[in-house]
Amino acid sequence: MRVVFAHQNFPAQFGEFGSHLAQLGWDVAFLTAAEGFHPPTRTKGVRATANRKPSQEIHSLARPMERAMINGHAMGTAAMKLQKSGFEPDVMVAHSGWGSGSLLKAVWPKVPFVPYIEWFYRSPPTDALNEKERTPSVDQRASAMSRNAPILLDLAQADIAICPTYFQAEQLPERHRGMLRILHDGVDAERNAPDPQAKMQVPGLDLSAAKEVVTYATRGMEPHRGFPEFMRALERLQKSRPSLHAVIGGEDRICYGRALPDGETWKGRMLKQLDLDLSRIHFVGLQQRGTYRNMLQSTDLHLYLTVPFVLSWSLLEAMSVAAPIVASNTAPVLEAMDDGVHGRLVDHTDIDALVAAMTASLDNKDAARRMGLAARERVLERYDRNWLWPARAALLRDAALGTVT
């Protein structure tokens with residue numbers, strides 16, 4: 001089989017899976033806008049370069065589509081270079097919403113197309129943070145509609161589509177859900193396995209002798225991922241648990257949601273507002289995978305807090321290593337975990353409830369570890385790439401052969 005993957009970033013959702021297919025003998029090519037891109041071993045690839053930026057003069061509601069068409073044109077040009085090299089795919093897979101695969105049918109009109117649907121915008125937004133966001137204006141509703149236009153264009157051309165979770169699939173209008181096949185990206189459960197000998201050590205920090213360590217990790221420190229609530233709970237726990245240390249991974253930026261005024265960040269705001277013992281709070285930034293895995297394996301408690309939004313790989317990796325977990329009782333988490341079975345789930349905006357759940361986990365470590373082991377079993381059952389990747393490969397093969405049922 002010959003497959004081409006298109007994504008603005010790399011490796012993102014396709015890099016490791018595509019490399020796996022190449023090792024099985026598939027002819028694999030990547031199209032990406034990622035800077036510094038080099039095709040992995042046994043694969044081909046072309047970097048897509050946009051010929052211009054979106055215009056500031058265009059109507060604001062047309063900007064998502066213009067951006068997608070600029071990206072799509074760049075990907076189409078890259079696809080033509082791949083075509084000239086002699087590559088003709090049997091199936092095309094593209095991350096949907098940014099135009100990455102929207103024009104590939106112009107280059108290969110007869111090749112089956114499989115978009116990967118990550119998020120469909122709704123109004124009111126599923127991930128609303130407050131009552132104001134839950135009562136959008138006409139302009140905000142129109143904005144959500146326009147942001148979905150590139151996804152709808154992809155679905156109009158699709159033979160089948162992939163969505164990683166049922167929660168994400170439910171964001172689409174019901175009329176489109178019949179095209180979706182729910183297959184998660186897959187967790188490397190062999191690599192992300194429990195290690196009772198792991199020690200809490202990251203470059204420049206050794207907490208292997210600490211009595212209690214909690215971990216929290218995020219790409220950006222923001223309300224979407226419960227960062228302010230975590231810090232408020234930590235303030236209270238520090239006062240009642242003088243031996244408690246917190247290791248916080250991630251960057252001081254906002255990935256999801258609106259920026260704060262005057263260049264302020266949520267980290268800066270929390271450090272100003274709260275009475276914290278900074279000697280017991282360790283901001284370690286982004287870590288290499290091995291170091292991050294070691295953090296999860298050695299933590300006494302891992303926090304995963306989120307509004308109803310895309311489920312992070314980090315939760316499933318924490319479950320896979322059997323980390324004791326306190327998480328939000330929001331829909332994406334509830335799809336992966338059962339409260340009291342795989343961890344403790346709470347409304348993370350209720351600081352009293354969050355502190356109580358954290359306290360219960362730290363006070364009853366044996367029970368927390370048992371739930372962690374149950375969480376690993378859930379990962380093996382639902383999210384292990386050892387069976388998910390063959391299932392995805394079979395789906396792409398069926399799409400290429402026109403035998404999808």
Side-chain angles (χ1 to χ4, degrees), residues 1-3 5 7 11-28 30 40-43 90-95 112 114-118 158-170 177-195 289-290 292-293 296-297 304 310-323 325 327 332-338 341-343 371-405:
M1 284 289 158
R2 298 178 301 275
V3 58
F5 292 99
H7 199 304
Q13 288 95 342
F14 301 151
E16 288 192 80
F17 176 56
S19 295
H20 167 74
L21 293 179
Q23 291 172 4
L24 295 179
W26 288 49
D27 198 355
V28 178
F30 295 102
T41 304
R42 300 182 185 176
T43 72
D90 295 308
V91 62
M92 305 179 292
V93 184
H95 185 253
V114 182
Y116 174 99
I117 310 294
E118 188 170 16
D159 294 79
I160 203 74
I162 294 174
C163 192
T165 69
Y166 289 94
F167 165 73
Q168 287 163 266
E170 288 167 0
R177 294 177 199 166
M179 295 192 67
L180 302 180
R181 297 296 180 269
I182 313 303
L183 288 170
H184 195 268
D185 306 312
V187 174
D188 187 346
E190 293 180 7
R191 184 181 302 170
N192 292 287
D195 181 3
R289 281 192 174 187
Y292 176 63
R293 180 170 62 250
L296 296 176
Q297 289 168 329
Y304 177 74
V310 175
L311 189 71
S312 302
W313 291 339
S314 67
L315 173 65
L316 298 177
E317 289 169 349
M319 293 171 65
S320 186
V321 304
I325 295 172
V333 177
L334 288 166
E335 183 176 328
M337 302 178 71
D338 296 328
V341 178
H342 308 107
M371 285 189 276
L373 291 171
R376 174 166 174 78
E377 291 303 313
R378 171 60 63 86
V379 166
L380 295 174
E381 173 191 347
R382 294 188 181 181
Y383 303 106
D384 187 356
R385 72 185 194 183
N386 278 339
W387 71 265
L388 272 166
W389 281 9
R392 280 196 169 194
L395 180 67
L396 296 185
R397 186 181 295 109
D398 287 345
L401 299 174
T403 56
V404 173
T405 56

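- Nearest approach of D188 to S320, heavy atoms of both residues: O-OG, 4.5 Å.
- A393 and W26 get closest at one heavy-atom pair: O-CH2, 3.6 Å.
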Checklist entry - Would V114 and V91 satisfy side chain to side chain contact (heavy atoms under 4.5 Å, CB included), going step by step from the backbone distance to the final call? => result CA-CA 7 Å; V114 182; V91 62; 3.9 Å; yes
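- Just one residue in the list L21, V93, V28 forms a side chain to side chain contact (heavy atoms under 4.5 Å, CB included) with F14, and that residue is V93.
- A ring-ring contact (aromatic ring centres under 6.0 Å, His included) with H184 holds for exactly one of Y166, F167, Y383, Y116; it is Y383.
- For Y292, there are no ring-ring contact (aromatic ring centres under 6.0 Å, His included) partners, not counting sequence neighbours.
- G15 and F30 get closest at one heavy-atom pair: O-CZ, 3.8 Å.
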Next on the checklist: Pair M337, I325 - check side chain to side chain contact (heavy atoms under 4.5 Å, CB included), show working.
Outcome noted: CA-CA 10 Å; M337 302 178 71; I325 295 172; 4.0 Å; yes
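- Of all heavy-atom pairs between P112 and D159, the closest is CA-OD1, 3.2 Å.
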Next on the checklist: Before you tell me yes or no, could you show the steps for Q23 and T43 under side chain to side chain contact (heavy atoms under 4.5 Å, CB included), namely the whole-Å CA-CA distance, both residues' side-chain angles and the distance that decides it to 0.1 Å?
Outcome noted: CA-CA 9 Å; Q23 291 172 4; T43 72; over 6 Å; no
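- The CG atom of L180 lies 8.0 Å from the CD1 atom of I160; values are rounded to the nearest 0.5 Å.
- By the 4.5 Å heavy-atom criterion applied to side chains, V3 and D27 are not counted as neighbours.
- Ion pairing between R385 and E16 holds under the 4.0 Å rule for side-chain N and carboxylate O.
- For W389, the ring-ring contact (aromatic ring centres under 6.0 Å, His included) partners two or more places apart in sequence, or in a different chain, are F17, H20.
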Checklist entry - side chain to side chain contact (heavy atoms under 4.5 Å, CB included) between I162 and L395: does it pass, once the steps are laid out? => result CA-CA 9 Å; I162 294 174; L395 180 67; 3.7 Å; yes
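- Q297 places no side-chain N or O within donor-acceptor distance of the main-chain N or O of P194, the cut-off being under 3.5 Å.
- Side-chain atoms of D90 do not come within 3.5 Å of backbone N or O of A400 as any donor-acceptor pair.
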Next on the checklist: side chain to side chain donor-acceptor pair (under 3.5 Å), that's the test. Do S314 and Y304 meet it? Break it down for me.
Outcome noted: CA-CA 8 Å; S314 67; Y304 177 74; 5.6 Å; no
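- For T165 (side chain) and Q168 (main-chain N/O), a donor-acceptor pair under 3.5 Å exists by modelled atom type.
- Taking each heavy atom of A374 and V341 in turn, the nearest pair found is CB-O, 3.4 Å.
- At distances below 3.5 Å, at least one donor-acceptor pair connects side-chain atoms of R177 with backbone N or O atoms of E170.
- We find that R293 and E190 are not joined by a salt bridge, their nearest charged nitrogen and carboxylate oxygen being 4.0 Å or further apart.
- For the atom pair CZ of R181 and SG of C163, the computed distance is 12.0 Å after rounding to the nearest 0.5 Å.
- The line from CG of L316 to CG of N192 is 10.0 Å long, rounded to the nearest 0.5 Å.
- The pair R378-D338 meets the salt-bridge criterion, with a side-chain N (NZ, NE, NH1 or NH2) lying under 4.0 Å from an Asp/Glu carboxylate O.
- Between the CE atom in M319 and the CG atom in L296 there is a gap of 12.5 Å [rounded to 0.5 Å].
- Taking every heavy atom of both residues into account, I182 and A169 meet most closely at CD1-CB, 3.5 Å.
- Once rounded to the nearest 0.5 Å, the distance linking CE of M92 with CG of L396 reads 12.0 Å.
- In this structure the side chain of H342 never reaches within 4.5 angstrom of the side chain of R376, judged on heavy atoms.
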